[in-house]
Amino acid sequence: MRKETAALLEWYDHHAREMPWRSPPGSRHTPDPYRIWLSEVMLQQTTVAAVRAYFDRFTTRWPTVADLAAAQDADVMAEWAGLGYYARARNLLKCARVVAQAGGFPETYDGLLTLPGVGPYTAAAVAAIAFDQPATVVDGNVERVMARLFNVEKPLPLSKPELTVLAAKLTPQTRPGDYAQAVMDLGATICTPRNPACGICPLRPFCAAQAEGTQSTLPRKIPKPEKPTRTGTLWLARHPDGRWLTEERAAKGLLGGMIGFPGMGWDSKTAHDAPPVTANWQDVGQIRHTFTHFHAALTVLAATTSARPDHGMFQPVNPENLPTLMRKAFDLAAATLLPR
DNA sequence: GACCCGTGGCT
DNA sequence: TAGCCAAGGGT
């Protein structure tokens, strides 16, 4: 085992953060692969703080992968609402059904990689953490730690292959799961993107960037293109009986599979060219929301009507089950149509 | 490889 | 406040 790896594991033994899905360092108990997989999917591009409540709700409602596999699609999408990247929820269900049918999770990196929604990172994480295999985990934290430890000045994503090789060299044959979590904890708490806490870092004696004084400039990244702003309209029609005019969005693409309100202009794939129902539409204000690759600035039109809609269905709406953009529009319309 | 896909916290 | 960032994956 390399000295960097040993130092990292020694640090982790005393500084591991507690998480609902995590076994304590060196634990003899084998972690539940279902809980590890579920947490890793939720943690894709998502912070630990945001995941905790969702993880608790999912595991309470669906304690095993078989329970999840038997769930209704709409229930899982509703439970995922607000967490973002909704393709994860669709793939989560697909994966649960494959695994339940097979009688359990594959225990190898290659086997895990075949599952829906499981890519190189998640396959390695589950293999290492749940099955104690020496798979190399490479996420944003690991990229940052390796770039600094070895003073890699080539920018991401060009440097990703090189960083992956370096990370593999540090992966031990024993305790690979603890090692994977240790690097990620280090990246999350000490080797942070800005203002890294080099003074208390267990890898400081080995860190090339620290020696060169370049740690705050690494990892370098190729600049991202600017986000355009898309403008458009959302129509929120409330039936006198309290239901709202909603439509289930297309399974793929933006907010795929989620409940939404009819709109125009901003979302080319599901755009309409006229209001979904005849009504006395009232401009109740604007909402702004930023997605991965564009800003949305939308005018919200609201009305109460019992006319028959051209598309969509009047349905009961629980705002907690809406994606955030739609919830913003709902809150605005409800404040006007249902003043308290 | 390029592009698509959410959200909330932090600075 | 506007941008950056997070335990990425699919197409």
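Numbered from 1 within each chain, the chains take letters A, B, ... in sequence-line order.
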Worksheet, complete the sentence: note: A:Leu156, atom CG; B:dG1, atom P; distance rounded to Å ~ 13 Å
Discussion item. Under 4.0 Å, counting only non-hydrogen atoms across every strand here, what does A:Ser39 touch: a base, just sugar-phosphate, or nothing?
Written reply: nothing
Item to complete: Between C:dG3, C:dC5, B:dG6, spot the one nearest the side chain of A:Pro193, thanks.
Response: C:dC5
Worksheet item: When the ring planes of A:Phe261 and A:Phe330 are compared, do they come out parallel, tilted or perpendicular, using 30° and 60° as the limits?
Response: parallel
Discussion item. Measure CG/A:Leu322 against P/B:dT7 and give the value in whole Å, please.
Written reply: 11 Å
Worksheet item: So what does A:Thr324 hit on the nucleic acid, given a heavy-atom distance under 4.0 Å: a base, only sugar-phosphate, or nothing?
Response: sugar-phosphate
Worksheet item: Mapping A:Thr47 and A:Asn195 onto DNA chain B by nearest heavy atom, which one lands closer to the 5' end?
Response: A:Thr47
Worksheet item: Think A:Tyr86 has a side-chain N or O under 4.0 angstrom from the OP1 or OP2 of B:dT7?
Response: yes
Worksheet item: Is the distance from OP1 or OP2 of B:dC4 to the nearest side-chain N or O of A:His293 less than 4.0 Å?
Response: no
Discussion item. Please tell me if A:His289 has a side-chain N or O lying less than 4.0 Å from either OP1 or OP2 of B:dT7.
Written reply: yes
Worksheet entry | Residue whose closest nucleotide on DNA chain C lies nearer the 5' end, A:Met19 versus A:Lys94 | A:Met19
Worksheet item: Looking at A:Trp37, A:Trp21, A:Trp80, A:Tyr34, which hits ring-ring contact (aromatic ring centres under 6.0 Å, His included) with A:Phe55?
Response: A:Trp21
Response to the item:
Ranking A:Glu40 and A:Val118 by the position along DNA chain C of their nearest nucleotide, the one closer to 5' is A:Glu40
Worksheet, complete the sentence: Testing C:dG8, C:dG10, B:dC4 for proximity to the side chain of A:Thr122, the answer is C:dG8
Worksheet item: Ignoring hydrogens and geometry, is there a side-chain-to-backbone donor-acceptor pair from A:Asp178 to A:Leu9 under 3.5 Å?
Response: no
Worksheet entry | Nearest-neighbour nucleotide for the A:Lys221 side chain, C:dA6, C:dG9, B:dC5 considered | C:dA6
Worksheet item: What integer distance in Å separates A:Leu325:CG from B:dT7:P?
Response: 7 Å
Discussion item. Please determine whether a side-chain nitrogen of the Lys or Arg among A:Arg35 and A:Asp32 lies less than 4.0 Å from a carboxylate oxygen of the Asp or Glu.
Written reply: no
Worksheet, complete the sentence: Testing C:dG3, B:dG6, C:dG8 for proximity to the side chain of A:Tyr121, the answer is C:dG8
Worksheet item: Rounded to whole angstrom units, what separation is found between the CZ atom of A:Arg288 and the P atom of C:dG3?
Response: 11 Å
Discussion item. Given C:dG8, C:dT11, B:dC10, identify the nucleotide with an atom nearest to the side chain of A:Arg194.
Written reply: B:dC10
Discussion item. Please classify the nucleic acid contact of A:Gly187 as base, sugar-phosphate, or nothing, using heavy-atom distances under 4.0 Å.
Written reply: nothing
Worksheet item: Atom CZ of A:Arg90 and atom P of C:dT11: how far apart are they, to the nearest Å?
Response: 9 Å
Discussion item. Output the rounded distance in Å from CZ (A:Phe294) to C1' (C:dG3).
Written reply: 17 Å
Discussion item. Within the 4.0 Å heavy-atom criterion, would you say A:Pro157 contacts the bases, only the backbone, or no part of the nucleic acid?
Written reply: nothing
Worksheet item: Any idea which of C:dG9, B:dG6, C:dG8 is nearest the A:Pro120 side chain?
Response: C:dG9
Discussion item. Measure CZ/A:Arg144 against C1'/C:dC4 and give the value in whole Å, please.
Written reply: 12 Å
Fill in: A:Val138 versus A:Ala167, closest heavy-atom pair with distance
CG2-CB, 4.3 Å
Discussion item. At 4.0 Å (heavy atoms only), tell me whether A:Leu255 reaches a base, stays on the sugar-phosphate, or touches nothing.
Written reply: sugar-phosphate
Fill in: Interatomic distance, A:Gln45 CD vs C:dG10 P [rounded to whole Å]
13 Å
Fill in: Min side-chain heavy-atom separation A:Leu234-A:Ile287 under 4.5 Å
yes
